[in-house]
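The block underneath contains the structure these notes are about, expressed in structure tokens.
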Amino acid sequence: MTDSIPESPAANTTSTFLRDLIAEDLRTKKYGEAVIQTRFPPEPNGYLHIGHAKAICIDFGLADEFGGKTNLRFDDTNPAKEEQEYVDSIMKDVRWLGFDWERLCYASDYFGQLYEWALQLIREGKAYVDDLSADQMREHRGTLTEPGTDSPFRNRTVEENLDLFTRMKAGEFPDGSRVLRARIDMASPNINMRDPVMYRILHTAHQRTGDAWCIYPMYDYAHGQSDSIEQVTHSMCTLEFADHQPLYRWYIEQLGIFPSQQIEFDRLNLTYTMLSKRKLLQFVQEGRVNGWDDPRMPTLSGIRRRGFTPEALRAFCGAIGVSRTNGTIDLEMLEHFQRDDLNRRAARAMAVLRPLKVVIDNYPQGQEEFVEVANNPEDPAAGTRQVPFSREIYIEQDDFREVPPPKYYRLSPGKEVRLRNAYFITAQSVVKDAEGNIAEVHCTYDPASRGGNSPDGRKVKSTMHWVSAAHAIGAEIRIYDKLFTNAFPSEVEEGGDVLDNLNPNSLEIVTGAKLEPSLGSAAHGERFQFERVGYFCVDPDTTPTKLVFNRTLPLKDSWAKIEKKAGA
RNA sequence: UGGGCGAUCGUCUAAUGGUAGGACAGUGCCCUUUGGAGGCACUUGUCUAGGUUCGAAUCCUAGUCGCCCAGCCA
């Protein structure tokens, strides 16, 4: 791959409601002369996926666009689920996508301040310690249609609340025995406002604060204030948090602190893709895939290993736009942007995945020569290379048919085709093995057609890739397909499970591939277009003695379409 | 049956009272030393019913449909 090609013209920057809103806030000087401040707030409880890429592009991209700043903030308020491994992977993924943060923050940095604010709310009679069990609290919460009822502990004195909360912090009570709740309104039609829990007791060591704390703030009590502390002007999050906005504002207003504003947008959904962290974790833990970076996973680490590029991901995120509509993007859209990027930048090479031997009978025995081949026809600056040619070569099994179907342009008995950048050949006869399978095809070549054109102007219908048998190198090729057979993986039959929709053929390992020798020196992660086949990249499993390629995506295949139509 | 949010080509997204446009997908043609890429063309859409207006995707009224919320998860 070369980096000399300029990035594609800015992706469709669809004008979004977020852009309009920020522009308006800037125009009215809602935040004075301050620049836009955003944040990307992942919880370090799993690996980032393509859905997060959209959020990252929004949080960082919009701030960039308006000359603002973006913090990376880990929302690490639940030590039971969070790990340093996830923190590390998230930082790596954000950088890989092409973004860098103004400040690296952690919600846990604010535990002290949050605690002080909790004391303030208690003193103002706006928070209380509740001794109800989780089950009892659920009963008191009411339902979607019925109001909740007050806890018997709701009217404790400020002194008692202060005493109890201080002792909660001191570790005097066991997990689950008490919580601190905001005193708002048990009859609110918005369940989030029915005296939400602010703190729970959790005698669990935190990956950053160790055992300094045994009470931990809930998301709602931590997020808005964290935004406020960082002077976040635009706190973008997904739609399911819209119901939490009144609470987000309530804490900020009661505390009288910097008025960060929450704005919700639609989550990314993709056909044939599962973007639930919980489910992805399950696939990893149950061994349904080979880890978080399995190239079939929608995680950024999986996608990266698969060979996708940050440029393509960013172009995709720009093109899909942002709205408040629940929708599902066709996977083809993502694939389109990836092909578009790789087509312009990936070096070409010839590789035969399922080899069929061709013997050129009138080519001198023992002779070899080198033909000059463009590294990337889309990019003359990528230069050329010399590829060895000889009497015995491999072509793709699919490229020969003893009995050609209609519209089949490739090699068949008596038919002349071009070997890319080499010669015209004509199939003369077939040799079969004991089972009747075609073992080799014998051809004749036209020495005058060297380079791929005949001086008499003769045309051929087809151009095929090939690899000289004597010079070929081997490789393992991993062919990936969709992880799910259903466009909507979570659509399952009664009593069924997402696992029922897993595609049993999502990974095919091809071991007998024959590659042109130049590929022998390819580096880990290097990307290629195997001409007429697809885009591939070198997998990290590659060793000095074993080459492994991942197929990122196949090339579009209009012959497959014709064939399918004829068969249907 | 509480509250919140939403509804424009098959999919995603523009149009902010003034010609419903783009991208992906699809179809056809042209071009091609990748049946790739590229070029051209075509098809398909404002949830419904009323209303306001010279004019409505946009405003009003009433429906319909979809998504989210009853964790001491985020």
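So you know, we letter chains A, B, ... as the sequences are listed, proteins then strands, and number each from 1. Both backbone and side-chain heavy atoms feed into the values below; hydrogens, waters and symmetry mates do not.
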Check your understanding: Between A:Val533 and A:Thr145, which has a closest nucleotide on RNA chain B that is more 5'?
Key -> A:Thr145
Check your understanding: Can you tell which of B:A37, B:G6, B:U34 lies closest to the side chain of A:Arg324?
Key -> B:G6
**Study point:** Integer-rounded Å distance: B:A14 C1' and A:Asp20 CG
**Key:** 11 Å
Exercise for review: Please report, rounded to the nearest Å, how far the P atom of B:G71 is from the CZ atom of A:Arg200.
Suggested key: 14 Å
Exercise for review: Would you classify A:Glu332 as touching base, sugar-phosphate or nothing, given that sugar-phosphate means primed atoms plus P, OP1 and OP2, and contacts are heavy atoms under 4.0 Å?
Suggested key: sugar-phosphate
Review point. Out of B:A74, B:C72, B:U34, which has the shortest distance to the side chain of A:Asn78?
Key: B:A74
Practice item. Would you mind classifying the nucleic acid contact of A:Ser133 as base, sugar-phosphate or nothing, using non-hydrogen atoms under 4.0 angstrom? Key: base
Check your understanding: If you look at every strand shown and take non-hydrogen atoms under 4.0 Å, does A:Lys561 touch a base, only sugar-phosphate, or nothing?
Key -> sugar-phosphate
Check your understanding: Reckon A:Val179 touches a base, only the sugar-phosphate, or nothing at all at heavy-atom distances under 4.0 Å?
Key -> base
Practice item. Searching all strands shown, indicate the nucleotide that pairs with B:C24 (Watson-Crick or G-U wobble; both distances under 3.5 Å). Key: B:G10
Point to revise | Closest listed nucleotide, where the reference is the side chain of A:Ile191 and the choices are B:C69, B:A25, B:C73 | key: B:C69
Check your understanding: With respect to the side chain of A:Ser558, which nucleotide from B:G35, B:C69, B:G38 is positioned closest?
Key -> B:G35
Practice item. Name the residue closer to the 5' end of RNA chain B, choosing between A:Ser323 and A:Glu82 according to the nucleotide with the nearest heavy atom. Key: A:Ser323
Practice item. When you get a sec, tell me which of B:G35, B:A37, B:C73 is the closest nucleotide to the side chain of A:Trp559? Key: B:G35
Check your understanding: Taking the six-membered ring of A:Phe424, is the NZ or CZ of A:Arg418 close enough (under 6.0 Å from the centre) and on axis enough (within 45°)?
Key -> no
Practice item. Remember a base hit wins even if backbone is also touched, and classify A:Phe241 as base, sugar-phosphate or nothing at under 4.0 Å, heavy atoms. Key: base
Review point. Across the strands shown, which category fits A:Arg339 at heavy-atom distances under 4.0 angstrom: base, sugar-phosphate, nothing?
Key: nothing
Check your understanding: Looking across every strand, which nucleic acid part, if any, lies under 4.0 Å from A:Ile562 by heavy atom: base, sugar-phosphate, or nothing?
Key -> base
Exercise for review: Identify whether any heavy atom of A:Gly327 sits under 4.0 Å from a base atom; if not, whether one sits that close to sugar-phosphate; answer base, sugar-phosphate or nothing.
Suggested key: sugar-phosphate
Practice item. Under 4.0 Å between any heavy atoms, over every strand shown, what does A:Thr328 touch: base, sugar-phosphate, or nothing? Just pick one. Key: sugar-phosphate
Review point. Do the side chain of A:Ser177 and the main chain of A:Pro174 share a donor and acceptor less than 3.5 angstrom apart?
Key: yes
Exercise for review: Tell me what A:Asp266 touches on the nucleic acid: a base, only sugar-phosphate, or nothing, going by heavy atoms under 4.0 Å.
Suggested key: sugar-phosphate
Check your understanding: Are A:Arg344 and A:Asp340 within salt-bridge range, i.e. N to O under 4.0 Å?
Key -> yes
Point to revise | Side-chain (A:Arg324) to main-chain (A:Phe265) donor-acceptor, under 3.5 angstrom | key: no
Review point. Nearest to the side chain of A:Arg141, which nucleotide is it out of B:G71, B:U11, B:U34?
Key: B:G71
Review point. Hey, does A:Leu132 reach any base, or is it just sugar-phosphate, or nothing, if we go heavy atoms under 4.0 Å?
Key: base
Review point. Looking at A:Tyr106, is A:Arg208 sitting on its ring face, NZ or CZ under 6.0 Å from the six-membered ring centre and within 45 degrees of the normal?
Key: yes
Exercise for review: Please work out if A:His223 contacts a base, only the sugar-phosphate, or nothing of the nucleic acid, heavy-atom cut-off 4.0 Å.
Suggested key: nothing
**Study point:** Base of B:G35 paired with side chain of A:Arg532 (donor-acceptor, under 3.5 Å)
**Key:** no
Practice item. May I ask you to check if A:Arg178 and A:Phe173 form a cation-pi contact, with NZ or CZ under 6.0 angstrom from the six-membered ring centre and within 45° of the axis? Key: yes
Check your understanding: Which listed nucleotide (B:G2, B:U34, B:U13) is nearest to the side chain of A:Thr325?
Key -> B:U13
Check your understanding: Under 4.0 angstrom, heavy atoms only, what part of the nucleic acid is A:Asn343 near: base, sugar-phosphate, or nothing?
Key -> base
Check your understanding: B:G3 base to A:Asp243 side chain: any donor-acceptor pair below 3.5 Å?
Key -> yes
Exercise for review: Just say parallel, tilted or perpendicular for the rings of A:His223 and A:Tyr248, cut-offs at 30° and 60°.
Suggested key: tilted
Exercise for review: Measure from the side chain of A:Arg410, starting at C-beta and using heavy atoms only, and say which of B:G2, B:C73, B:G35 lies closest.
Suggested key: B:G35
Check your understanding: Considering only B:C67, B:U34, B:G38, which nucleotide approaches the side chain of A:Asn326 most closely?
Key -> B:C67
Practice item. Quick one: label A:Tyr408 by what it contacts on the DNA or RNA (base, sugar-phosphate, nothing), any heavy atom closer than 4.0 Å. Key: base
Revision key, fill the gap. Side-chain contact check for A:Met333: nearest option of B:G35, B:G36, B:C24 is B:C24
